[in-house]
Amino acid sequence: MAPFRSKPLPACSAVFGLLSALLTVHCTELDQRAVVADGGTTVEPDAEVDGGADVGTEAETGPDATTPPPIDFVCGDKDEWTKRGRSTAACEARFAQEVAKLSRDGVSFRALALGRSGTGRIGMAWSEETGIDVDTSILRTTSFMPGASAATGTVIPDSVLYPSSQFDGPGYDGLAAVGSAGDDVFLAFPETQEGVSNTINEGSITSVGQLIGVTSLAKTVRRHTQVAIARNTINDDRAVSWYDRPGSGGVDGRILVRVRESNVLGPEQSVTGNDTSSADAPAAGKQSLAFDRNGVLTVLYGTSAMSSSFGRYSRRSRGGIFATPTTLFGNFSDGSHQGLAPSVSIAGTAAVMGAFKIEAAGGTAGQVKYSLYTYDTATTEPAPLAQSPDPIYGSSKYNTFSASARTRIDAGGLVHMAFAYHSSPTNCRIEYRRQSLLNGKPTWYEDTVATGTCTADDLPLVDMVIDENRRPHIGYALGTSIGYATIYP
């Protein structure tokens, strides 16, 4: 792939060059393992709205829409964030570093989540295969304060195993994180094991990186589920959602949610009825959550029907029930697969929804794009983003594409995106794209955060929050490593 990163991206569709036959990771991984990470975002300073696979909720803190963003510029492949001694000195402030490595050889990461607390502390969680059984994994967590400069980076302590005595048995296939008002970061995760009661759990990653206060929100869920979490930074409401996968006897899958309002945990509510009917379609079961300033909860999720995958959203007012879902990405009949790795984010009244799409027919069949919709929560409904870069990552086919993405919006209504994907059968890359103002107009900029060796079985993962200063905090899984990247003051 010949990247074009030496100048701002054009305000029109940008084609990355075809990678046909290069993307070899399986869509079942996107289905069962990509968390898109839904991890939280922040404004307290946590200003994010989805989490781990999903996090989110943004409220009003940080700069308002009248505060102009800082001057932006591009650091190309030569100035990848993992490198030192870069050709452009100003790029040194953009720094990525290793957080942890796989515990053993021959295994892969399964899920990843990152959240930012009200004190600015970063909490990260990830799961990795045990190597004993494809359905078993271990869960690790860590917590740290971002450093003051790129010269020294960030001091990141060793991760903590949860539970401390466990190394085989359960599976942790989906993770989602969002910051608390204090020092902790909330984590939602499934804990599934053959022959036992599988649960959806919620706990807190403390300032020393331990996962504590784990409680069960639901039982008897099936394996390979996905989760999302969101927190309203105005009134401290919190929501956790999960995919209740299809069962035997024609039982359809559902997106279920529990909302904690005024510190009272409400009952399970179904977002979808029974319309996530296929466990094998690439979009089915992924979800993302976000609160707006009025306490309205938005759920964006992937589903499937009639050989197509598509994305839908539904809203719920505080104390109410979910409205009839609206289809946003795709339709029932064109055979395309849309709504993959969905992400919704809200800051103030500015909101964005994003998801991958695999084209179905014609000269673009198999090409992978990313679609963006923006809106104002007070006045408008989602509409395609004007001047969207609409990147094409390569030529792919159903069941041969996997990637991870996290889309956020800042208080000024500018969009930020983090992507993790295979750039070849043996290499993966992490990219950070964002809008900034050039001569008063939103303009796209792109940086390469990290690149590295990965196999077809490795699932590249990414999660991101944008803080009140429009600073990205990016967590990622790349090959055998977990990383953290940010832009230092």
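Keep in mind it's a predicted model, so treat the numbers as computed, not measured. Note that the numbering runs from 1 along the sequence shown for the chain.
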Stepwise side-chain contact (heavy atoms from CB on, under 4.5 Å) check, Leu112 with Ile482
CA-CA 9 Å; Leu112 170 81; Ile482 296 291; 4.1 Å; yes

Full working for side-chain contact (heavy atoms from CB on, under 4.5 Å) between Arg86 and Lys78
CA-CA 7 Å; Arg86 302 181 210 175; Lys78 290 188 305 180; over 6 Å; no

Please walk me through it: do Leu459 and Phe109 pass side-chain contact (heavy atoms from CB on, under 4.5 Å)?
CA-CA 7 Å; Leu459 179 65; Phe109 293 109; over 6 Å; no

Decide side-chain hydrogen bond (donor to acceptor under 3.5 Å, both in side chains) for Ser241 and Tyr301; before the verdict, give the C-alpha distance in whole Å, the side-chain angles of both, and the deciding distance to 0.1 Å.
CA-CA 10 Å; Ser241 64; Tyr301 66 95; over 6 Å; no

Can you list the steps and then say if Tyr162 with Phe189 is a ring-ring contact (aromatic ring centres under 6.0 Å, His included)?
CA-CA 12 Å; Tyr162 171 86; Phe189 61 98; 5.8 Å; yes

Hey, mind stepping through Tyr370 and Phe356 against ring-ring contact (aromatic ring centres under 6.0 Å, His included) and telling me if it holds?
CA-CA 4 Å; Tyr370 194 80; Phe356 284 113; 5.0 Å; yes

Asp447 and Tyr445: side-chain contact (heavy atoms from CB on, under 4.5 Å), yes or no, with the steps?
CA-CA 7 Å; Asp447 281 6; Tyr445 294 82; 5.8 Å; no

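A side-chain donor-acceptor contact under 3.5 Å links Thr142 to the backbone of Pro157. Side-chain atoms of Gln97 come within 3.5 Å of backbone N or O of Thr154 as a donor-acceptor pair. The backbone N or O of Thr455 lies less than 3.5 Å from a partner atom in the side chain of His422, making a donor-acceptor pair. The backbone N or O of Arg471 sits nowhere less than 3.5 Å from a side-chain atom of Asn469 that would complete a donor-acceptor pair. Put simply, the side chain of Asp77 never gets that close to the backbone of Thr448: no donor and acceptor are under 3.5 Å apart. Within the 3.5 Å criterion, the main-chain N or O of Leu414 finds no donor-acceptor partner in the side chain of Arg434. Under the 3.5 Å distance criterion, the side-chain polar atoms of Ser149 are left unmatched by any main-chain donor or acceptor of Gly147.
Remark: Arg94 qualifies as a cation-pi partner of Phe73 under the 6.0 Å distance and 45° angle criteria applied to the six-membered ring. Taking the centre and axis of the six-membered ring of Tyr172, the NZ or CZ atom of Arg140 falls outside the cone set by 45° and 6.0 Å.
Arg429 is not listed as a side-chain neighbour of Tyr476, based on a closest heavy-atom distance of 4.5 Å or more. Using a 4.5 Å cut-off on side-chain heavy atoms (C-beta onward), His416 and Pro472 make no contact. Looking at heavy atoms from C-beta onward, Asp173 lies out of side-chain contact with Ser127 at the 4.5 angstrom threshold. Using a 4.5 Å cut-off on side-chain heavy atoms (C-beta onward), Thr453 and Asn427 make contact. Side-chain atoms of Leu297 and Val257, non-hydrogen and from C-beta on, do get closer than 4.5 Å to each other. Side-chain contact check for Val185 versus Met124: every heavy-atom pair is 4.5 Å or farther apart. With a 4.5 Å cut-off on side-chain heavy atoms, Val240 and Phe186 do not count as touching. Put simply, the side chain of Phe329 does not reach to within 4.5 Å of the side chain of Lys357, judged on heavy atoms.
Side chains of Glu381 and Tyr313: a donor on one and an acceptor on the other come within 3.5 Å. Of the N and O atoms on the side chains of Glu80 and Thr451, at least one donor lies less than 3.5 Å from an acceptor on the other residue.
Contact record, Ser108 with Asp458: OG-OD1, 2.9 Å, taken as the closest heavy-atom pair. Of all heavy-atom pairs spanning Ala477 and Ile430, the tightest one is O-CD1, 4.4 Å. Between Thr141 and Leu187 the shortest heavy-atom distance is CG2-CD2, 4.4 Å. Shown here for Thr377 and Ala351, the closest heavy-atom pair between the two residues is CG2-CB, 3.9 Å. Of all heavy-atom pairs between Pro342 and Ala355, the closest is CA-CB, 4.1 Å. In terms of heavy-atom proximity, Arg110 sits nearest to Ser137 at CG-CB, 4.2 Å.
The CD atom of Gln435 sits 7.5 Å away from the CD1 atom of Ile409 when rounded to the nearest 0.5 Å. Interatomic distance, CE of Met417 versus OG of Ser345, reported as 12.5 Å (0.5 Å rounding). Atoms CZ and CD1, on Phe95 and Ile487 in that order, are 13.5 Å from each other to the nearest 0.5 Å. With rounding to the nearest 0.5 Å, the separation of CZ in Arg315 from CG in Asp292 is 8.5 Å. The CH2 atom of Trp242 sits 14.5 Å away from atom CD of Gln226, with the distance rounded to the nearest 0.5 Å. The distance from atom CG of Asp72 to atom CH2 of Trp444, rounded to the nearest 0.5 Å, is 11.5 Å.
Ion pairing between a basic and an acidic side chain is recognised when a charged N comes within 4.0 Å of a carboxylate O; Asp463 and Arg408 show such pairing.
Counted within 6.0 Å of NZ on Lys101, heavy atoms from surrounding residues, nucleotides or ligands total more than 12; the atom is thus considered enclosed.
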